[in-house]
Amino acid sequence: MARVISTRTYDRRFLAAANNAQAHKLRFLEARLDATTAVAASGAQAVCAFVNDDLGANVLGLLWDQGVRLVVLRSAGFNHVDLEAAARIGMAIGRVPEYSPHAVAEHTVALMMTLNRRTHRAHARVREGNFSLDGLLGMDLFGKTVGLIGTGKIGACFARIMAGFGSRLLGSDPQQSAECIAAGLRYVPLDELLRESDVISLHCPLTPATRHLIGHDALSSIKPGAMLLNTSRGGVIDTSAVIAALKDGQLGSLGIDVYEEEADLFFRDLSDEVLHDDVFARLLTFPNVLITGHQAFFTVEALTAIAETTIDNVDCFVATGRPRHPVGVEKLVG
Ligand code: NAI
């Protein structure tokens, strides 16, 4: 028996299809997992969670006390799990290490091209009968320098696409990727990447080492007017520092699919409610900021792969006591 937390209709559809032999009894809950909702896990051996669920020490302990022995994440990122606490109590954690790096890389390109050529503003204008081009000036990406921070699976996909644009590729990552080098990417120190890039795209995980990697110091050394893209995790960027850089023009534009405090906002319809997050509200006022609500992963192919890997993690745990793709404390390094 498993409780599937933070679910929407699309999660139910894809997980029910992957569980086609009805091997597991799944109970779907819309609520986000936290210390209050953890009681809903009573009677379940596994909990299936998403990116904004609280999997801190307290919640893991509450789940364990109710008999839960496995937490399967429907995500690649695991920055929201207290892995040390999980290891201490013996809770197994599984994840989906790879589903569709294309989905995220292609969404990054969508953010970049929309910001660059202002297609969102052009669309709104044309519908109003306004065919003026003022304010829509973009740049050729051919020959421009694109810097990738993180060149793993998603970074490699993004590098291949940008090689197709004819951009010059720079990378920063403690682990070099042969695929990226083959796409023409050159590894350079982070400060050189920041100094030289017209577009900076973040594809590293959120770890203690990458939290606020893009803060006041990094932003003061970027090429004035550069574009910053973040489809990794909100915490890699210091949002207040980014707002200051947008205000003084040092940062030319910002495209984000993730936000530091997104847990209280994303994946819900809040259109009838007052927005309480003043930092997010400030971001919304900039004409050169484009925000999507953590949808980079949201393709049919990715949801199919997430559901199949999640069910496989549970199958494997039942058979061997370990999920197919476990996450342990060793992953915290880096
Ligand atoms: P990956 O593990 O294949 O690659 C991550 C790369 O970042 C690795 O090569 C690693 O060495 C590098 N890295 C680690 N620390 C670094 C640092 N300090 N500086 C530069 N590079 C560093 O992971 P993948 O699949 O490419 O995903 C990357 C991230 O994208 C995930 O951790 C997740 O947070 C995010 N993501 C976002 C999604 C969305 O819907 N917006 C969906 C899926 C993933």
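Atoms within a ligand are numbered from 1 in the order they appear, just like the ligands themselves. The figures that follow rest on heavy atoms only: side chains count, while hydrogens, waters and symmetry mates do not. Keep in mind the model is a prediction, meaning the values are calculated, not measured.
Any N or O atom pair closer than 3.5 Å counts here, and Ile154 shares at least one such pair with ligand 1. Considering both main-chain and side-chain atoms, Thr151 never comes within under 3.5 Å of ligand 1 through any nitrogen or oxygen pair.
Note on ligand 1: Ser232 sits in its first shell, one or more heavy atoms being nearer than 4.0 Å. Ligand 1 lies out of reach of Leu206, whose nearest heavy atom is not under 4.0 Å from it. Residue contacts with ligand 1: Tyr99 is included, with a non-hydrogen atom under 4.0 Å away.
Using cut-offs of 30° and 60° for the angle between ring planes, the Phe280 and Tyr259 rings count as tilted. Relative orientation of the Tyr10 and Phe298 rings is perpendicular, given thresholds of 30° and 60° on the angle between their planes.
In summary, the atoms of ligand 1 found under 4.0 Å from a heavy atom of Val104, numbered by their order in the structure, are 38 (C), 42 (C), 43 (C). Of all atoms in ligand 1, numbered sequentially from 1 with element shown, those under 4.0 Å from a heavy atom of Ile149 are 20 (C). The atoms of ligand 1 that sit less than 4.0 Å from any heavy atom of Ala296 are 39 (C), 40 (O), 41 (N).
Contacts with ligand 1 closer than 4.0 Å are made by no heavy atom of Ala209, backbone or side chain. Residue Asp173 touches ligand 1 through backbone and side chain together, judged by heavy-atom distances below 4.0 Å.
Considering each of Phe297, Phe78, Phe158, the one bringing a non-hydrogen atom nearest atom 40 (O) of ligand 1 is Phe297. Counting only non-hydrogen atoms, the option in Arg233, Gln295, His294, Glu98 that gets closest to atom 36 (N) of ligand 1 is Arg233. Within the set Gly293, Ser100, Pro174, Gly235, the minimum heavy-atom distance to atom 16 (C) of ligand 1 is found for Pro174. Closest heavy-atom approach to atom 7 (O) of ligand 1 within the set Gly152, Pro205, Pro101: this belongs to Pro205.
Rounding to the nearest 0.5 angstrom, the gap separating the OG1 atom in Thr239 from the CG atom in Leu246 is 10.5 Å. The distance from the CZ atom of Arg195 to the NZ atom of Lys223 is 11.5 Å, given to the nearest 0.5 Å. Note that CD1 of Ile243 and OG1 of Thr285 are 8.0 Å apart. Values are rounded to the nearest 0.5 Å.
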